[in-house]
Amino acid sequence: MKIATTIEEVRQEVREWKRQGLTVGLVPTMGALHEGHASLVERAYRDCNRVVASVFVNPTQFAADEDLESYPRDFEEDCRILQRKGCHLVFHPSVSEMYPEGFATYVELTSDMTKQLCGKTRPGHFKGVCTVVSKLFNIVTPDKAYFGEKDAQQLAVIRRMVFDMAMDVKIVGCPTVREADGLAKSSRNDYLNDDERKAACVLYRALQAALEYIGDGPHAVAVSAPGTSAGPCTEASNVLPLIRNIIAEEPLAEIDYIEIVDGETLQPVEIIKAGDLIAIAIYIGKTRLIDNVRV
Ligand code: PAF
């Protein structure tokens, strides 16, 4: 496994692979890798001839009051994980390599998609994500790029960006990897102390309860709304309080948002249909955790 710190090194390597007719998969990460990231690399390894992983804590997606400085970093451990999973090239640029003096070009969605959910409390976040991801696409020119479904909004936003800008890359969403008790793997789980870690399970518990409620015939109301398949549907206004009550029972949890949205546009829905997302963000102590399930 090679480690590249400059754009030019990556370009040279990828150029040679492409000359040989090999396909390239990209797994963009901010490091602090866990089994969730490892599953993306595994998938890329299965799908493509060569796998590039980027490890870059992207400053432009953090607001001034967020955890840029304290974000966990362990590049050596990241490399061990990447090597084990078959990664061929790690791109680990400096901030100045990605954002040289005078950097002034950003990629931003102007629709409501980035203003919903996490966009409400993290207004510039997706502009930073789209900018760094599109720059990584330009550098690596991957055939496919892999993102976790845990960050469902990020995945939907990146799909939109790729479609709108006719970027020549296939976006592959990969299932959320969970701990045995259901907590979604996240680099930010490292911030939780023992009590907080136990409390964090409430996220998964609430999502599962919502799914059970929706899947349970007796709670469904027989309506058919535009865009939904005919037959029994469930109203979001019945499900949201159920989730809210479960989270309210956990004293260490504070709700940021609970939303049921269309899986593609991320607009809130009234009648829940297949493919919609139930998305939650909560604070456990100072740590903000997100999770979602698809109906
Ligand atoms: O999901 C992440 O880790 C980051 O948002 C990403 C996609 C690597 C961009 O910095």
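Hydrogens, waters and symmetry mates are skipped; everything else that's a heavy atom, side chains included, is used. Position 1 is the first residue of the sequence, and the numbers go up from there. Remember, it's 1-based here, ligands and their atoms both numbered in the order they're listed.
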Show me which atoms of ligand 1 lie under 4.0 Å from any heavy atom of [X].
{"X": "V132", "value": "9 (C), 10 (O)"}
{"X": "T29", "value": "8 (C)"}
{"X": "M30", "value": "3 (O), 4 (C), 8 (C), 10 (O)"}
{"X": "P28", "value": "8 (C)"}
{"X": "Q154", "value": "1 (O), 2 (C), 4 (C), 5 (O), 7 (C)"}
{"X": "Q61", "value": "4 (C), 5 (O), 9 (C), 10 (O)"}

R43/D47 salt bridge by N-O under 4.0 Å criterion: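 Counted as a salt bridge, because a side-chain N and a carboxylate O are separated by less than 4.0 Å.
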Of D151, D67, D291, the residue whose pairing with R188 passes salt bridge (charged side-chain N to carboxylate O under 4.0 Å, His left out):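 So the option named by the test is D67.
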Side-chain donor-acceptor contact under 3.5 Å, Q12 with E16: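 Side chains of Q12 and E16: no pair found under 3.5 Å.
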Whether Y99 and F56 hold their rings parallel, tilted or perpendicular, with breakpoints at 30° and 60°: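 Plane angle between 30° and 60°, so tilted.
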Aromatic plane relationship, Y106 with F103 - under 30° parallel, 30 to 60° tilted, over 60° perpendicular: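 F103 and Y106: perpendicular rings.
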